[in-house]
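First the proteins, then the strands, lettered A, B, ... as listed; each starts at 1. Fair warning: this is a prediction, and the values are worked out from it, not measured in the lab. Note that these values count all heavy atoms, side chains included, but never hydrogens, waters or copies made by symmetry.
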Amino acid sequence: MAAHVYIADIAHYEGQEVTLRGWLANRRSSGKLHFLQLRDGTGSIQCVLFKGDFDEETFKRADHLNQESALSLTGVVKKDPRSPIGFELSAKAMEVVSEAAPDYPLGHKEHGVAFLMDNRHLWLRSSRQRVILGVRHTVVKAIRDFFDERGFTLVDAPMFTPAACEGTSTLFEVPYFDLGKAYLTQSGQLYGEAAAMAVGKAYVFGPTFRAEKSKTRRHLTEFWMVEPEVAFMDLAGDMELAEQLIGHVVRTVLAKHRQELVSVLERDVTKLENATPPFPRITYDEAIDRLKTARPDTPIKWGDDIGGDEETLLANMFDRPVIVHHFPAEMKAFYFKRDATGKYALGLDVLAPEGYGEIIGGGQREEDYDTLVQRIRDAKLPVEAFDWYLDLRRYGSVPHAGFGLGVERTVAYLCGIHHVRETIPFARTMERLKP
RNA sequence: UCCUCGGUAGCUCAGCCGGCAGAGCGGGUGGCUGUUAACCACUAGGUCGGGGGUUCGAGUCCCUCCCGGGGAGCCA
């Protein structure tokens, strides 16, 4: 009985007899030779079956197997210059673990987006999706390692929350026993602030839900966000932490996935190689000036949000992510600290290059109790709902700051993928709840 | 919610000025000892998104509804 090996490790077994287990991706034949393309999750390899090595029934069956049939193939690993991976399997025995039904929906030709998303559970088997899933895994691990190495503690925030974190946004409502209604969290930040006062450096990492009817390539109704929060840190420290995190994630992904990014996703990785700190920093005022200069006819004016097109225009002025900071106070949520003039919120956004948009949003928080109460009132939010949050300002309040990084937008940027729906295994959008 | 594009074979699409419903892939059968989106031959496969209208005649023109893609607003 030959040892089972994975295709990714095939180079170590040249000349040896091994068993491969996987799924039939494609097959070809030239009569007395059948070529079975086997995929096992780590790679894909061509297995060659010669008629003389098999009994008639098995050999015939090999040429009629349906796509995605599960197979176990035993044979000798042979070096072959014609193979894209340098090796192929000269099969001597085949076991059909389970024959696939004949109507596997995904063929080898192109498919439309809607069809692929309907078949997302099967689409994941493609090499493209396998690479994206791998990059996402690496991104998540790199983020955890980054914070772990810097003495942060992971503090999980709840998914069920009693009220809006920021007030106005549309939240998903769920019934909650005798307590009435609960809402799915739209940010773990307020809990992250509580955690920072407990452990100094905390980060929240989990899914986030937005019921807004956004239909763009940058939006999902359910997405993952990592939100560090640090006591005694100001806006400058926040910017440094943000660029260090992104720099670390980009470096780690390049080190591990460079080859796949280039060959499978056709990503121009030179665009990622530049993404090393320090990142350029511009104020909101400067951003508006730059936009007006670059495109004099743009209708944008001071106090406006920087929209998708402007964001892309701005980001393309730099060869790496750019940090925009000091926003008009009215633009930002109630908990942002303001500068001495009161005109600006100490917020920061990090815009990824190439139109991938805002991948980080955050800033320094208001630590003064009275000011914060006033802000909550100004925002027409119920102060009682924030009593526990205000306690953080009553018992040893300190300056602190943090941010949220969107995992899907980051993966899209790294992979060079147009739409974030491909960067999460099972995307939830306005029009899609299945599979 | 608004703007925009689309819905024709299992999939991707073509179908011109209104005149017999098409191709490639996939499926089936057969052929080939080096194919690799294999190739070659033959073959099966249709409620042209639903409804209504104009017309001798509608996949095609008009109205309407449904579904989906992209974008805007808002945000990660």
* Are A:Arg210 and B:rG73 close enough that a side-chain N or O sits under 4.0 Å from OP1 or OP2? -> no
* Asked: Does A:Arg217 place a side-chain N or O at less than 4.0 Å from the phosphate oxygens OP1/OP2 of B:rG71?
  ->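 Yes, within the criterion.
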Just name whichever nucleotide pairs with [N], Watson-Crick or G-U, keeping both distances under 3.5 Å, else none.
N: B:rU54; result: none
N: B:rC48; result: none
N: B:rA41; result: B:rU29

Separation of the [atom1] atoms in [N] and [M], to the nearest angstrom:
N: B:rC17; M: B:rU55; atom1: C1'; result: 15 Å
N: B:rU60; M: B:rC48; atom1: C1'; result: 10 Å
N: B:rA44; M: B:rU29; atom1: C1'; result: 11 Å

* Asked: Of the nucleotides B:rG71, B:rG68, B:rG27, which has the atom closest to the A:Arg27 side chain?
  ->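 Nearest to the side-chain atoms of A:Arg27, counting from C-beta on, is B:rG27.
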* **A:His219 NE2 - B:rG70 P separation (whole Å)** => 13 Å
* Asked: Given atom NE2 of A:His64 and atom P of B:rG27, what is their separation to the nearest angstrom?
  ->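 It is 11 Å, rounded to the nearest whole Å.
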* Can you check whether any acceptor in the base of B:rG34 is under 3.5 Å from a donor in the side chain of A:Glu88, or vice versa? => yes
